[in-house]
Protein chains: 2
Amino acid sequence: MAGRAGLTAQKLIQAGAEMADDLGFEQVTLSALARRFDVKVASLYSHLKNSEDLKVRLALLALDELANCAGEAIAGRSGKDALFALANAYRHYGQAHPGRFVAARYPLSDEIAAASSGVKLSRMLGALLRAYGLADAEQTHAIRFLGSVFLGYTTLESAGGFAHGDVAAQASWERTLAVLDLSLRHWPPSSAAV
Amino acid sequence: MAGRAGLTAQKLIQAGAEMADDLGFEQVTLSALARRFDVKVASLYSHLKNSEDLKVRLALLALDELANCAGEAIAGRSGKDALFALANAYRHYGQAHPGRFVAARYPLSDEIAAASSGVKLSRMLGALLRAYGLADAEQTHAIRFLGSVFLGYTTLESAGGFAHGDVAAQASWERTLAVLDLSLRHWPPSSAAV
DNA sequence: CAGAATATCCTAAAGGTATTAGGTTTTCAA
DNA sequence: TTGAAAACCTAATACCTTTAGGATATTCTG
């Protein structure tokens with residue numbers, strides 16, 4: 001490798017991730033990144049395709065870190081224990097890395113999403129569900145349900161949705177986890193009405 | 001009123017909402033809006049404070065429409081019927097107005113959020129919950145849970161999260177509704193573990 | 001090791017969006 | 001009718017993004 005600043009896509013993404021957590025995902029621009037490395041903006045195009053590419057790679061990084069955290073959390077656990085561990089890992093990642101967490105929700109194309117660690121997360125949920133003994137046909141539904149709750153709750157919480165300071169968010173979270181476990185243990189038959 | 005184009009904050013917001021549904025929320029810029037009305041960008045500053053103001057007002061419009069839809073849906077219903085009606089209204093609004101739906105998730109400051117129709121939605125959920133006979137202390141938790149599921153599910157669905165085309169999204173939604181009803185009917189006691 | 005190939009970084013230029021500071025014209029009301 | 005207020009404009013500034021093409025350093029190769 002050559003050059004004077006020793007840039008790398010890796011370094012740029014990493015710096016972008018830190019910048020996202022510090023200043024917010026929307027503040028992570030090519031210009032800001034160039035300033036950070038004391039380099040001209042055009043120079044970044046040797047390492048990144050464009051601005052969109054930067055955001056996508058940040059999303060992929062965040063999804064990967066999230067999947068790793070979740071993976072470590074559920075290691076050696078199963079059933080309710082695994083469910084709670086994964087859920088807590090998910091939530092804690094969002095609290096520790098708010099910018100990356102927003103990045104993880106950046107819309108990806110179908111192909112890119114299919115190759116991302118998002119599918120790892122999805123598979124972990126599937127594996128975790130086996131302990132609950134759901135019918136095969138219900139697996140996908142349950143995975144979607146869990147994903148919805150995790151995404152929705154953490155989004156609301158990180159956006160200050162219910163940070164009124166009054167009722168403890170921690171208590172709501174615990175109730176949410178209990179409800180998830182209860183739902184999976186009593187998963188409804190496919191006769192549900194609209 | 002004077003001028004030649006007869007602009008109004010109202011008209012601008014309305015046009016912005018339509019533009020959001022047609023082209024995407026992120027495409028709704030002051031420039032695009034000015035082009036639409038064949039007016040110079042600077043002219044918009046007579047009606048809107050700035051770009052942020054536009055987005056906030058679009059968010060408020062969307063939240064208001066959403067609350068109205070939900071309100072109509074639950075009129076004359078209660079319990080499970082009301083829950084399903086509200087949930088379906090929420091989801092259908094998102095499908096009919098994808099751009100506005102994204103706008104509704106635009107982060108608002110605490111004061112603005114407190115004055116938005118988001119609180120109406122929240123109160124509707126609370127009213128709906130009464131039929132389930134939850135303890136007072138559990139109301140807030142349950143509202144947050146429902147809000148999380150609605151937000152999470154519709155976000156994932158509208159983002160193509162599980163639009164793989166294979167497993168029907170409608171079936172997952174029905175299962176989700178059934179699970180919500182079940183959860184509220186068997187709401188766990190406050191002894192939930194972490 | 002010399003020269004070629006390549007990757008890195010730069011300057012320059014163009015195009016888009018946002019914002020502010022002024023003017024000019026239109027409308028409305030006293 | 002005339003003057004204030006509102007609507008709209010020109011002009012200028014400031015970012016951010018992207019492409020084109022040039023210069024320099026590194027690395028590969030013979």
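Throughout, protein chains are lettered first and strands after them, A, B, ... in sequence-line order, and every chain is numbered starting at 1.
For A:Arg35 and D:dC15, the shortest distance from a side-chain N or O to OP1 or OP2 is not below 4.0 Å. Distances shown here put every side-chain N or O of B:His47 at or beyond 4.0 Å from the OP1 or OP2 atom of D:dA6. When the side-chain nitrogen and oxygen atoms of A:Ser31 are compared with OP1 and OP2 of D:dT17, one or more of them lie within a distance under 4.0 Å. Here B:Ser43 does not reach the OP1 or OP2 of D:dA7: none of its side-chain N or O atoms lies under 4.0 Å away.
You'll find the side chain of B:Leu44 reaches within 4.5 Å of the side chain of B:Leu7, heavy atoms only.
Rounded to an integer number of Å, the gap from CG of B:Leu44 to P of C:dT19 is 11 Å. Rounding to whole angstrom units, CG of residue A:Leu48 and C1' of C:dT8 are separated by 13 Å. Rounding to whole angstrom units, CD of residue A:Glu52 and P of C:dG16 are separated by 19 Å. If you measure from atom OH of A:Tyr45 to atom C1' of C:dA13, you get 14 Å, rounded to the nearest angstrom. Straight-line distance from the NZ atom of B:Lys11 to the C1' atom of D:dA7: 12 Å, rounded to whole Å. Atom CG in A:Leu30 sits roughly 16 Å away from atom C1' in C:dC10 (whole-Å rounding). Summarising the geometry, the separation between CZ on B:Phe37 and P on D:dC9 is reported as 13 Å, rounded to the nearest angstrom. To the nearest angstrom, P of C:dT8 lies 14 Å from CD of A:Gln10.
Closest-nucleotide positions on DNA chain D for A:Ala32 and A:Ala42 were compared, and the one nearer the 5' end corresponds to A:Ala32.
Across all strands shown, B:Val41 has heavy atoms under 4.0 Å from base atoms, whether or not it also approaches the sugar-phosphate. Here B:Ser46 lies in heavy-atom contact (under 4.0 Å) with a base.
Side-chain proximity of B:Lys40 to D:dC9, C:dA18, D:dT17: nearest is D:dC9. Nearest nucleotide to the side chain of B:Leu7, out of D:dC8, D:dC9, C:dC10: D:dC8. For A:Ser51, taking side-chain heavy atoms from C-beta onward, the closest of the listed nucleotides C:dT19, D:dC8, D:dT17 is D:dT17. Distance from the side chain of B:Asn50 is smallest for C:dT19 among the nucleotides C:dT19, D:dT17, D:dC8.
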Taking it one step at a time, do B:Arg175 and A:Trp187 satisfy side chain to side chain contact (heavy atoms under 4.5 Å, CB included)? CA-CA 9 Å; B:Arg175 217 63 91 255; A:Trp187 193 256; 3.3 Å; yes
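Classification of the A:Tyr90-A:Phe101 ring pair by plane angle, with boundaries at 30° and 60°, yields perpendicular.
For the residue pair B:Tyr132 and B:Gln139, no side-chain donor N or O sits within less than 3.5 Å of a side-chain acceptor on the partner.
Distance alone, capped at 3.5 Å, places no donor-acceptor pair between the A:Ser122 side chain and the A:Gly118 backbone.
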